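Residue numbers begin at 1 in each chain, while the letters A, B, ... track the order of the sequences. Just so we're clear, the structure is a prediction, and the values are computed from it rather than from any experiment.
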2 protein chains.
Amino acid sequence: MTEPSDRHDAPRYLEQAVQLAIRNVAEGGGPFGALVVTPDGRVHEGVNRVTRDNDPTAHAEVVAIRKAATACSNFDLTGAVLYTSCEPCPLCLSAALWARIDRVYYAADRHGAAAAGFDDAVFYDYFNGTRQELLPVAHHGIPTSEAPFDAWRATADRTEY
Amino acid sequence: MTEPSDRHDAPRYLEQAVQLAIRNVAEGGGPFGALVVTPDGRVHEGVNRVTRDNDPTAHAEVVAIRKAATACSNFDLTGAVLYTSCEPCPLCLSAALWARIDRVYYAADRHGAAAAGFDDAVFYDYFNGTRQELLPVAHHGIPTSEAPFDAWRATADRTEY
(Lines give C-alpha, C1' and ligand atoms only; values in the text may rest on other atoms or scores of the structure.)
Protein backbone atom coordinates (compact mmCIF):
# COMPACT_ATOMS: atom_id res chain seq x y z
CA MET A 1 0.00 0.00 0.00
CA THR A 2 1.43 3.39 -0.94
CA GLU A 3 1.44 6.24 1.55
CA PRO A 4 -1.82 8.14 1.30
CA SER A 5 -1.45 11.65 -0.13
CA ASP A 6 -3.59 13.10 2.66
CA ARG A 7 -0.75 12.38 5.08
CA HIS A 8 1.06 15.48 3.79
CA ASP A 9 -1.98 17.62 4.64
CA ALA A 10 -2.24 16.24 8.17
CA PRO A 11 -0.14 18.80 10.11
CA ARG A 12 -1.96 21.76 8.53
CA TYR A 13 -5.46 20.37 9.03
CA LEU A 14 -4.66 19.12 12.54
CA GLU A 15 -3.43 22.61 13.48
CA GLN A 16 -6.73 23.99 12.14
CA ALA A 17 -8.69 21.46 14.24
CA VAL A 18 -6.66 22.37 17.35
CA GLN A 19 -7.33 26.08 16.80
CA LEU A 20 -11.06 25.34 16.51
CA ALA A 21 -10.84 23.45 19.81
CA ILE A 22 -9.05 26.31 21.59
CA ARG A 23 -11.58 28.83 20.29
CA ASN A 24 -14.44 26.55 21.39
CA VAL A 25 -13.18 26.57 24.97
CA ALA A 26 -13.13 30.38 24.92
CA GLU A 27 -16.75 30.24 23.72
CA GLY A 28 -17.85 27.96 26.56
CA GLY A 29 -17.63 24.60 24.81
CA GLY A 30 -15.51 21.47 25.23
CA PRO A 31 -11.84 21.36 24.09
CA PHE A 32 -12.37 19.49 20.85
CA GLY A 33 -12.34 20.45 17.17
CA ALA A 34 -12.50 18.43 13.96
CA LEU A 35 -12.57 18.75 10.17
CA VAL A 36 -13.94 16.49 7.49
CA VAL A 37 -12.31 17.05 4.11
CA THR A 38 -14.47 15.64 1.34
CA PRO A 39 -13.02 14.44 -1.98
CA ASP A 40 -14.13 17.69 -3.66
CA GLY A 41 -11.67 19.52 -1.35
CA ARG A 42 -14.29 21.21 0.79
CA VAL A 43 -13.55 21.48 4.52
CA HIS A 44 -16.40 20.88 6.98
CA GLU A 45 -15.73 22.06 10.52
CA GLY A 46 -17.11 20.81 13.82
CA VAL A 47 -16.62 21.71 17.47
CA ASN A 48 -17.92 20.03 20.59
CA ARG A 49 -21.39 21.40 21.40
CA VAL A 50 -22.52 18.86 24.06
CA THR A 51 -23.10 21.34 26.87
CA ARG A 52 -24.24 24.29 24.80
CA ASP A 53 -26.77 22.33 22.73
CA ASN A 54 -27.72 19.83 25.45
CA ASP A 55 -26.79 17.11 22.98
CA PRO A 56 -24.65 14.29 24.38
CA THR A 57 -23.82 13.21 20.81
CA ALA A 58 -22.57 16.61 19.61
CA HIS A 59 -18.89 15.72 19.66
CA ALA A 60 -16.67 17.69 17.27
CA GLU A 61 -16.23 14.76 14.89
CA VAL A 62 -19.96 13.94 14.86
CA VAL A 63 -20.82 17.58 14.19
CA ALA A 64 -18.27 17.73 11.32
CA ILE A 65 -19.53 14.46 9.82
CA ARG A 66 -23.16 15.58 10.00
CA LYS A 67 -22.27 18.92 8.37
CA ALA A 68 -20.30 17.22 5.61
CA ALA A 69 -23.14 14.79 4.88
CA THR A 70 -25.64 17.64 4.75
CA ALA A 71 -23.37 19.68 2.47
CA CYS A 72 -22.85 16.69 0.15
CA SER A 73 -26.52 15.62 0.36
CA ASN A 74 -25.22 12.12 0.99
CA PHE A 75 -25.04 9.88 4.05
CA ASP A 76 -22.03 8.14 2.46
CA LEU A 77 -18.77 10.11 2.73
CA THR A 78 -16.52 7.59 0.97
CA GLY A 79 -13.20 9.24 0.12
CA ALA A 80 -13.40 11.79 2.93
CA VAL A 81 -10.71 12.22 5.60
CA LEU A 82 -11.34 13.18 9.23
CA TYR A 83 -8.78 15.32 11.07
CA THR A 84 -9.42 15.82 14.77
CA SER A 85 -7.72 17.62 17.64
CA CYS A 86 -7.96 14.50 19.82
CA GLU A 87 -8.18 10.75 19.27
CA PRO A 88 -11.80 9.96 18.41
CA CYS A 89 -13.83 8.30 21.16
CA PRO A 90 -15.90 5.20 20.29
CA LEU A 91 -18.90 7.41 19.40
CA CYS A 92 -16.88 9.36 16.86
CA LEU A 93 -15.10 6.33 15.43
CA SER A 94 -18.45 4.61 14.99
CA ALA A 95 -19.86 7.68 13.26
CA ALA A 96 -16.83 7.66 10.93
CA LEU A 97 -17.34 3.94 10.22
CA TRP A 98 -21.01 4.42 9.35
CA ALA A 99 -20.15 7.47 7.22
CA ARG A 100 -17.57 5.34 5.34
CA ILE A 101 -14.82 7.88 6.07
CA ASP A 102 -11.55 6.70 4.48
CA ARG A 103 -9.03 7.64 7.13
CA VAL A 104 -8.61 9.46 10.46
CA TYR A 105 -5.72 11.60 11.78
CA TYR A 106 -5.61 12.90 15.33
CA ALA A 107 -3.28 15.17 17.38
CA ALA A 108 -3.74 14.55 21.15
CA ASP A 109 -4.62 11.05 22.37
CA ARG A 110 -7.14 9.45 24.76
CA HIS A 111 -4.73 9.80 27.68
CA GLY A 112 -4.52 13.56 27.17
CA ALA A 113 -8.34 13.60 27.15
CA ALA A 114 -8.45 11.51 30.34
CA ALA A 115 -6.01 13.88 32.05
CA ALA A 116 -8.44 16.71 31.22
CA GLY A 117 -11.33 14.75 32.80
CA PHE A 118 -12.97 13.08 29.80
CA ASP A 119 -14.14 9.47 29.71
CA ASP A 120 -12.89 8.46 26.26
CA ALA A 121 -10.40 5.92 27.63
CA VAL A 122 -12.97 4.43 30.02
CA PHE A 123 -15.44 3.98 27.16
CA TYR A 124 -12.78 2.20 25.10
CA ASP A 125 -12.50 -0.17 28.06
CA TYR A 126 -16.25 -0.75 27.81
CA PHE A 127 -15.80 -1.98 24.25
CA ASN A 128 -12.78 -4.02 25.32
CA GLY A 129 -15.21 -5.82 27.62
CA THR A 130 -13.57 -4.75 30.88
CA ARG A 131 -16.08 -2.13 32.05
CA GLN A 132 -19.44 -3.75 31.23
CA GLU A 133 -20.95 -2.50 34.49
CA LEU A 134 -20.99 1.03 33.02
CA LEU A 135 -24.08 0.20 31.00
CA PRO A 136 -26.00 -3.08 31.40
CA VAL A 137 -27.48 -4.21 28.07
CA ALA A 138 -30.14 -6.92 28.09
CA HIS A 139 -31.55 -8.98 25.21
CA HIS A 140 -35.29 -9.41 25.61
CA GLY A 141 -36.79 -11.07 22.55
CA ILE A 142 -40.49 -10.56 21.80
CA PRO A 143 -42.63 -12.34 19.17
CA THR A 144 -42.31 -9.40 16.73
CA SER A 145 -38.54 -8.91 17.15
CA GLU A 146 -37.75 -9.77 13.53
CA ALA A 147 -40.81 -8.09 11.99
CA PRO A 148 -38.99 -4.83 11.07
CA PHE A 149 -36.35 -6.80 9.14
CA ASP A 150 -39.06 -8.86 7.41
CA ALA A 151 -40.75 -5.60 6.38
CA TRP A 152 -37.39 -4.25 5.18
CA ARG A 153 -36.65 -7.31 3.04
CA ALA A 154 -40.16 -7.11 1.57
CA THR A 155 -39.59 -3.50 0.46
CA ALA A 156 -38.32 -3.59 -3.10
CA ASP A 157 -37.36 0.11 -3.35
CA ARG A 158 -35.50 0.34 -0.04
CA THR A 159 -32.47 2.65 0.20
CA GLU A 160 -29.63 0.56 1.64
CA TYR A 161 -26.75 2.01 3.65
CA MET B 1 -28.40 -6.18 43.14
CA THR B 2 -32.18 -6.37 42.95
CA GLU B 3 -33.92 -6.79 39.65
CA PRO B 4 -34.53 -3.36 38.10
CA SER B 5 -38.19 -2.35 38.02
CA ASP B 6 -37.91 -1.25 34.39
CA ARG B 7 -37.54 -4.93 33.45
CA HIS B 8 -41.31 -5.33 33.84
CA ASP B 9 -41.89 -2.52 31.34
CA ALA B 10 -39.53 -4.03 28.77
CA PRO B 11 -41.97 -6.13 26.67
CA ARG B 12 -44.42 -3.24 26.31
CA TYR B 13 -41.81 -0.63 25.39
CA LEU B 14 -39.94 -3.03 23.10
CA GLU B 15 -43.18 -3.75 21.24
CA GLN B 16 -43.65 0.01 20.86
CA ALA B 17 -40.08 0.34 19.49
CA VAL B 18 -40.69 -2.51 17.04
CA GLN B 19 -43.90 -0.90 15.80
CA LEU B 20 -42.01 2.38 15.24
CA ALA B 21 -39.43 0.41 13.23
CA ILE B 22 -42.07 -1.26 11.07
CA ARG B 23 -43.81 2.06 10.41
CA ASN B 24 -40.45 3.64 9.54
CA VAL B 25 -39.85 1.06 6.80
CA ALA B 26 -43.26 1.89 5.32
CA GLU B 27 -42.22 5.56 5.32
CA GLY B 28 -38.96 4.88 3.47
CA GLY B 29 -36.57 4.64 6.43
CA GLY B 30 -34.43 1.93 7.97
CA PRO B 31 -35.95 -0.89 10.08
CA PHE B 32 -35.07 0.49 13.49
CA GLY B 33 -37.02 2.18 16.28
CA ALA B 34 -36.13 3.17 19.83
CA LEU B 35 -37.52 4.86 22.95
CA VAL B 36 -35.83 6.68 25.79
CA VAL B 37 -37.90 6.71 28.96
CA THR B 38 -36.70 9.47 31.28
CA PRO B 39 -37.12 9.27 35.07
CA ASP B 40 -40.12 11.64 34.88
CA GLY B 41 -41.93 8.92 32.87
CA ARG B 42 -41.86 10.75 29.55
CA VAL B 43 -41.27 8.62 26.44
CA HIS B 44 -38.98 10.03 23.72
CA GLU B 45 -39.23 8.23 20.37
CA GLY B 46 -36.66 7.84 17.62
CA VAL B 47 -36.54 6.12 14.25
CA ASN B 48 -33.67 5.64 11.85
CA ARG B 49 -33.40 8.69 9.56
CA VAL B 50 -29.98 8.05 7.95
CA THR B 51 -31.13 7.96 4.36
CA ARG B 52 -33.96 10.45 4.60
CA ASP B 53 -31.94 13.13 6.43
CA ASN B 54 -28.58 12.31 4.82
CA ASP B 55 -27.24 11.91 8.34
CA PRO B 56 -25.06 8.82 8.91
CA THR B 57 -25.47 9.30 12.68
CA ALA B 58 -29.28 9.42 12.70
CA HIS B 59 -29.77 5.93 14.12
CA ALA B 60 -33.01 5.38 16.03
CA GLU B 61 -31.28 5.32 19.42
CA VAL B 62 -29.23 8.46 18.69
CA VAL B 63 -32.36 10.28 17.53
CA ALA B 64 -34.25 9.22 20.68
CA ILE B 65 -31.34 10.24 22.94
CA ARG B 66 -31.01 13.63 21.25
CA LYS B 67 -34.76 14.22 21.57
CA ALA B 68 -34.77 13.23 25.24
CA ALA B 69 -31.83 15.51 26.01
CA THR B 70 -33.51 18.41 24.22
CA ALA B 71 -36.80 17.78 26.04
CA CYS B 72 -35.01 17.61 29.40
CA SER B 73 -32.70 20.55 28.58
CA ASN B 74 -29.89 18.36 29.84
CA PHE B 75 -27.04 16.48 28.15
CA ASP B 76 -27.05 14.07 31.13
CA LEU B 77 -29.85 11.50 31.07
CA THR B 78 -28.95 9.68 34.27
CA GLY B 79 -31.84 7.44 35.33
CA ALA B 80 -33.18 7.04 31.79
CA VAL B 81 -33.73 3.65 30.12
CA LEU B 82 -33.28 2.94 26.40
CA TYR B 83 -35.55 0.39 24.68
CA THR B 84 -34.66 -0.45 21.10
CA SER B 85 -36.01 -2.73 18.40
CA CYS B 86 -32.51 -4.08 17.71
CA GLU B 87 -29.26 -4.48 19.64
CA PRO B 88 -27.55 -1.09 19.64
CA CYS B 89 -24.54 -0.77 17.33
CA PRO B 90 -21.30 0.74 18.74
CA LEU B 91 -22.46 4.24 17.72
CA CYS B 92 -25.67 3.92 19.72
CA LEU B 93 -24.04 2.25 22.72
CA SER B 94 -21.45 5.04 22.81
CA ALA B 95 -24.19 7.66 22.64
CA ALA B 96 -25.94 5.91 25.56
CA LEU B 97 -22.67 5.84 27.52
CA TRP B 98 -22.05 9.56 27.01
CA ALA B 99 -25.69 10.33 27.86
CA ARG B 100 -25.27 8.34 31.10
CA ILE B 101 -28.28 6.17 30.25
CA ASP B 102 -28.86 3.64 33.07
CA ARG B 103 -29.80 0.54 31.15
CA VAL B 104 -30.58 -0.80 27.65
CA TYR B 105 -33.11 -3.42 26.49
CA TYR B 106 -33.26 -4.69 22.93
CA ALA B 107 -35.48 -7.09 20.93
CA ALA B 108 -33.65 -8.35 17.78
CA ASP B 109 -29.87 -8.84 17.90
CA ARG B 110 -26.86 -7.91 15.75
CA HIS B 111 -27.15 -11.16 13.79
CA GLY B 112 -30.71 -10.31 12.77
CA ALA B 113 -29.41 -6.93 11.63
CA ALA B 114 -26.56 -8.58 9.69
CA ALA B 115 -29.03 -10.92 7.97
CA ALA B 116 -30.91 -7.81 6.83
CA GLY B 117 -27.69 -6.33 5.40
CA PHE B 118 -26.51 -4.01 8.17
CA ASP B 119 -22.92 -3.70 9.39
CA ASP B 120 -23.49 -3.63 13.14
CA ALA B 121 -21.71 -6.96 13.73
CA VAL B 122 -18.77 -5.98 11.50
CA PHE B 123 -18.36 -2.73 13.42
CA TYR B 124 -18.32 -4.64 16.71
CA ASP B 125 -15.43 -6.60 15.21
CA TYR B 126 -13.66 -3.29 14.56
CA PHE B 127 -13.80 -2.51 18.27
CA ASN B 128 -12.73 -6.08 19.06
CA GLY B 129 -9.59 -5.26 17.08
CA THR B 130 -10.17 -7.80 14.33
CA ARG B 131 -11.24 -5.47 11.49
CA GLN B 132 -8.86 -2.51 11.87
CA GLU B 133 -8.48 -2.23 8.10
CA LEU B 134 -12.02 -0.84 7.91
CA LEU B 135 -10.80 2.55 9.09
CA PRO B 136 -7.10 3.38 9.50
CA VAL B 137 -6.55 5.80 12.39
CA ALA B 138 -3.19 7.56 12.71
CA HIS B 139 -1.74 9.54 15.61
CA HIS B 140 0.10 12.60 14.34
CA GLY B 141 1.20 14.80 17.23
CA ILE B 142 1.82 18.49 16.56
CA PRO B 143 3.38 21.09 18.93
CA THR B 144 -0.06 22.44 19.93
CA SER B 145 -1.71 19.02 20.48
CA GLU B 146 -2.30 19.62 24.21
CA ALA B 147 -3.16 23.33 23.95
CA PRO B 148 -6.98 22.79 23.95
CA PHE B 149 -6.73 20.80 27.19
CA ASP B 150 -4.47 23.46 28.73
CA ALA B 151 -7.06 26.09 27.80
CA TRP B 152 -9.81 23.89 29.27
CA ARG B 153 -8.00 23.44 32.59
CA ALA B 154 -7.36 27.19 32.73
CA THR B 155 -11.09 27.93 32.38
CA ALA B 156 -12.52 28.24 35.87
CA ASP B 157 -16.22 28.29 34.88
CA ARG B 158 -16.09 25.34 32.46
CA THR B 159 -19.14 23.06 32.20
CA GLU B 160 -17.87 19.51 32.68
CA TYR B 161 -19.58 16.47 31.19
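Counting heavy atoms from C-beta on, the side chains of A:Leu135 and B:Val104 come closer than 4.5 Å. Residues A:Pro148 and B:Val18 are in side-chain contact: their nearest non-hydrogen atoms beyond the backbone lie under 4.5 Å apart. For the pair A:Val137/B:Tyr106, a side-chain contact is recorded, criterion being any heavy-atom separation below 4.5 Å from C-beta on. Taking the side chain as every heavy atom from C-beta outward, A:Tyr126 and B:Phe127 never approach each other to under 4.5 Å.
Closest approach of B:Leu14 and A:His140 over heavy atoms only: CD1-O, 3.4 Å. Between A:Thr57 and B:Ala95, the shortest heavy-atom contact is CG2-CB, 3.8 Å. In terms of heavy-atom proximity, A:Ala108 sits nearest to B:Ser145 at CB-O, 3.6 Å. Between A:Leu97 and B:Phe123, the shortest heavy-atom contact is O-CZ, 3.7 Å. Shortest non-hydrogen contact noted between A:Asn54 and B:Ala69 is O-CB, 3.2 Å. Summarising the geometry of B:Trp98 relative to A:Pro56, their closest heavy-atom pair is CB-O, 3.9 Å, with the distance given to 0.1 Å.
Of the listed residues (A:Ala113, A:Ala154, A:Ala17), the one with the most heavy-atom contacts under 4.5 Å to chain B is A:Ala113. Per-residue counts of heavy-atom pairs under 4.5 Å with chain B were compared for A:Asn24, A:Thr155, A:Val50; the largest is that of A:Val50. Comparing B:Tyr83, B:Tyr161, B:Tyr105 by how many heavy-atom pairs each has under 4.5 Å with chain A, the most go to B:Tyr161. Residue with the most contacts toward chain A among B:Ala115, B:Ser73, B:Pro143: B:Ser73 (heavy-atom pairs, distance under 4.5 Å). The residue among B:Asp53, B:Ile142, B:Ile65 with the most heavy atom pairs within less than 4.5 Å of chain A is B:Ile142. If you tally non-hydrogen atom pairs under 4.5 Å between each of B:Asn128, B:Asp120, B:Val122 and chain A, the highest count goes to B:Asp120. For the options B:Arg52, B:His59, B:Glu87, B:Arg153, heavy-atom pairs under 4.5 Å to chain A are most numerous at B:His59. Ranked by non-hydrogen atom pairs under 4.5 Å with chain A, the options B:Asp109, B:Asp150, B:Asn48 are led by B:Asn48. Between chain B and the residues A:Ala116, A:Gly141, A:Ala138, A:Ala21, the most heavy-atom pairs under 4.5 angstrom are made by A:Ala138.
Residues B:Leu91 and A:Phe75 fall within the same hydrophobic cluster, defined by Ile, Leu, Val, Met, Phe, Trp and Tyr side chains chained together at heavy-atom separations under 4.5 Å. B:Tyr13 and B:Val81 fall within a single hydrophobic cluster, where Ile, Leu, Val, Met, Phe, Trp and Tyr side chains are chained together by heavy-atom contacts under 4.5 Å. In the hydrophobic clustering of this structure, A:Ile22 groups with A:Val43; members are Ile, Leu, Val, Met, Phe, Trp, Tyr whose side-chain heavy atoms approach within less than 4.5 Å, directly or through other members. Note: the hydrophobic cluster containing A:Val47 does not contain A:Val36 (ILVMFWY, side chain heavy atoms under 4.5 Å, direct or indirect links).
Interatomic distance, CD1 of B:Ile101 versus CG of A:Leu134, reported as 13.5 Å (0.5 Å rounding). Note that OG of B:Ser94 and OH of A:Tyr124 are 8.5 Å apart. Values are rounded to the nearest 0.5 Å. We find the CG-CG distance between A:Asp55 and B:Asn74 to be 12.0 Å, quoted to the nearest 0.5 Å.
A:Asp119 pairs by the side-chain hydrogen bond (donor to acceptor under 3.5 Å, both in side chains) definition with B:Arg100, not counting sequence neighbours.
Heavy atoms of A:Ala68 lying under 4.5 Å from chain B are absent altogether. When heavy atoms are compared at a cutoff of 4.5 Å, B:Arg158 does not approach chain A at all. Residue A:Leu20 does not touch chain B at all, counting heavy-atom pairs closer than 4.5 Å. Looking at A:Cys89, only its side chain comes within 4.5 Å of chain B, counting heavy atoms on both sides. Looking at A:Cys86, only its side chain comes within 4.5 Å of chain B, counting heavy atoms on both sides. Neither the backbone nor the side chain of B:Ala58 comes within less than 4.5 Å of any heavy atom of chain A.
Of all residues spanning residues 26-35 of chain A, those with a heavy atom less than 4.5 Å away from chain B's heavy atoms are A:Gly29, A:Gly30, A:Pro31, A:Phe32, arranged by number.
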